[in-house]
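Counting from 1, the numbers follow the sequence of the chain as shown.
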Amino acid sequence: MATDTNKTRRIGDVEVSAIGLGGMPMSIEGRPDEARSIATIHAALDAGITLIDTADAYHLTATDDGHNESLIAKALASYGGDTSDVLVATKGGHLRPGDGSWTLDGSPKHIAEAAEASLKRLGVEAIGLYQFHRPDPKTPYEDSIGAIRDLLDAGKIRMAGISNANPAQIKQANEILGGRLVSVQNQFSPKFRSSEPELDLCDELGIAFLPWSPLGGITNAAELGAKYPAFQTLAAELGVSPQKLTLAWMLAKSPIVIPIPGSSRPETIRDSYSAVDLQLTPDQVAVLDAA
């Protein structure tokens with residue numbers, strides 16, 4: 001695989017595409033039919049994407065736990081090409097009871113059981129990247145991360161990551177994992193920039209930083225340009241979509257950044273991935289940083 005850092009980046013010892021596919025929109029409220037979702041995943045693979053992010057909580061009703069994991073496994077199995085270099089990253093620690101809410105369970109017992117269920121749904125011997133989805137106030141953080149460490153030591157997961165973490169939690173998790181923390185997945189977008197300290201820390205530690213909702217989320221992505229004129233203006237000058245420009249801006253911030261835009265349409269993930277070919281100048285990046 002090529003080593004162009006604008007097209008490929010590293011999570012631990014694995015080289016992946018510089019932009020991944022976020023699976024959530026294909027499994028929660030407003031999800032499309034299965035055929036379109038599988039077409040979207042196949043389009044991502046055709047484009048060159050080798051990182052797919054999911055979670056056991058990406059489902060709609062109380063009875064379809066792990067819908068997105070099962071969908072991704074089905075799409076990979078039905079793809080005509082080689083998928084051996086695709087890293088599927090999943091998460092545990094969130095739950096959806098079926099009433100539209102999101103609840104938390106970071107207990108070691110739940111983490112262990114959730115990982116086993118994810119293993120079965122994904123049909124793998126070891127999960128490529130397993131991430132603690134979100135801190136649970138009812139469970140000491142060190143206990144939750146200890147459960148992730150145990151999965152790593154047991155060979156149930158190949159790599160360990162965390163999500164929705166602050167700088168202190170990143171340092172604590174890396175210590176508990178014995179320096180084996182490979183990724184942090186936090187919200188980051190033109191709208192949500194409070195994760196800059198976490199991005200900077202990951203840059204310092206050489207840990208991959210995976211922005212979730214990099215385009216502002218399912219309901220806001222289409223209006224990104226209208227809400228952020230600097231992105232709209234520069235995108236128009238460059239002849240690209242504001243969404244593509246936003247992802248290129250993130251890639252330019254640091255070689256540890258790997259955005260994972262959610263998508264449920266083949267055309268949107270193709271446009272997102274094409275951001276790897278858009279090289280911004282330092283002055284252009286500075287304009288967007290200040291916007």
*Okay, side chain of T268, backbone of R265: is any donor-acceptor separation there less than 3.5 Å?*
yes
*asked:* Please check if the number of heavy atoms outside K191 that lie under 6.0 Å from its NZ is greater than 12.
replied: no
*Of all residues at least two apart in sequence or in a different chain, which pass the ring-ring contact (aromatic ring centres under 6.0 Å, His included) check with H42?*
Y79
_I need the L288 CG to Q284 CD distance, nearest 0.5 Å._
7.5 Å
*side chain to side chain contact (heavy atoms under 4.5 Å, CB included) assessment of Q185 paired with I260*: CA-CA 9 Å; Q185 183 179 149; I260 45 171; 3.3 Å; yes
*To the nearest 0.5 Å, what is the distance between CD1 (I28) and OG1 (T61)?*
13.0 Å
*Do you know the tightest heavy-atom contact between S189 and G216?*
CB-N, 4.0 Å
*Decide side chain to side chain donor-acceptor pair (under 3.5 Å) for R36 and S264; before the verdict, give the C-alpha distance in whole Å, the side-chain angles of both, and the deciding distance to 0.1 Å.*
CA-CA 7 Å; R36 196 179 92 190; S264 64; 3.1 Å; yes
Donor-acceptor pairs are to be reported for all side-chain atoms of residues 110-119 against protein atoms at under 3.5 Å, with residues two or more places apart or in another chain.
residue	atom	partner	partner atom	Å
E113	OE2	K109	NZ	2.8
E116	OE2	K156	NZ	2.7
S118	OG	E69	OE1	3.3
S118	OG	E69	OE2	2.7
S118	OG	A114	O	3.2

*State which residues pass side chain to side chain donor-acceptor pair (under 3.5 Å) with S183; sequence neighbours excluded, sorted by chain then number.*
none
*With sequence neighbours excluded, tell me which residues meet salt bridge (Lys or Arg N to Asp or Glu O under 4.0 Å) with E34.*
K74
*asked:* Does E125 have more than 12 heavy atoms from other residues, nucleotides or ligands lying within 6.0 Å of its CD?
replied: no
*asked:* Check D53 with K91, please: is the shortest side-chain N to carboxylate O separation under 4.0 Å?
replied: yes
Distance-only donor-acceptor hits, side chain of residues 194-203, under 3.5 Å, sequence neighbours excluded:
residue	atom	partner	partner atom	Å
S195	OG	Q187	O	2.9
E196	OE2	K253	NZ	3.4
D203	OD1	S254	OG	2.9

_salt bridge (Lys or Arg N to Asp or Glu O under 4.0 Å) partners of E237, counting only residues at least two apart_ = none
*Do H94 and H133 have their ring centres less than 6.0 Å from each other?*
yes
*Distance (rounded to the nearest 0.5 Å) between D143 CG and D136 CG*: 10.5 Å
_With rounding to the nearest 0.5 angstrom, report the CG to CD1 distance, L76 to I41._
7.0 Å
_R158 to A126 - nearest heavy-atom pair and separation_ = CG-CB, 3.9 Å
*Could you give the distance from CG (D85) to OG1 (T8), rounded to the nearest 0.5 Å?*
11.0 Å
*CD-CG distance between E223 and L215, expressed to the nearest 0.5 angstrom*: 12.0 Å
*D82 and S84: side chain to side chain donor-acceptor pair (under 3.5 Å), yes or no, with the steps?*
CA-CA 6 Å; D82 180 17; S84 60; 2.9 Å; yes
*Please identify each residue that fulfils side chain to side chain donor-acceptor pair (under 3.5 Å) with T40, with sequence neighbours left out.*
none
_Restricting to non-hydrogen atoms, name the atom on T90 and the atom on A55 that form the minimum distance, rounded to 0.1 Å._
OG1-CA, 3.3 Å
_Just to verify, what does R10 make a salt bridge (Lys or Arg N to Asp or Glu O under 4.0 Å) with, not counting sequence neighbours?_
none
*What are the two closest heavy atoms between I38 and S78, and how far apart are they?*
CG2-OG, 4.1 Å
*Could you tell me which residues satisfy salt bridge (Lys or Arg N to Asp or Glu O under 4.0 Å) with D64, sequence neighbours excluded, listed by chain and number?*
R31
*May I have all residue pairs that pass ring pair (Phe, Tyr, Trp, His ring centres under 6.0 Å) and include part of residues 142-181, sequence neighbours excluded?*
none
*Are the charged groups of E15 and K7 less than 4.0 angstrom apart, N to O?*
no
*Sorted by first residue and then second, give each ring pair (Phe, Tyr, Trp, His ring centres under 6.0 Å) pair with at least one member in residues 245-291; sequence neighbours left out.*
F188-W249, F231-W249
_Any residue meeting ring-ring contact (aromatic ring centres under 6.0 Å, His included) with Y228, in chain and number order, not counting sequence neighbours_ = none
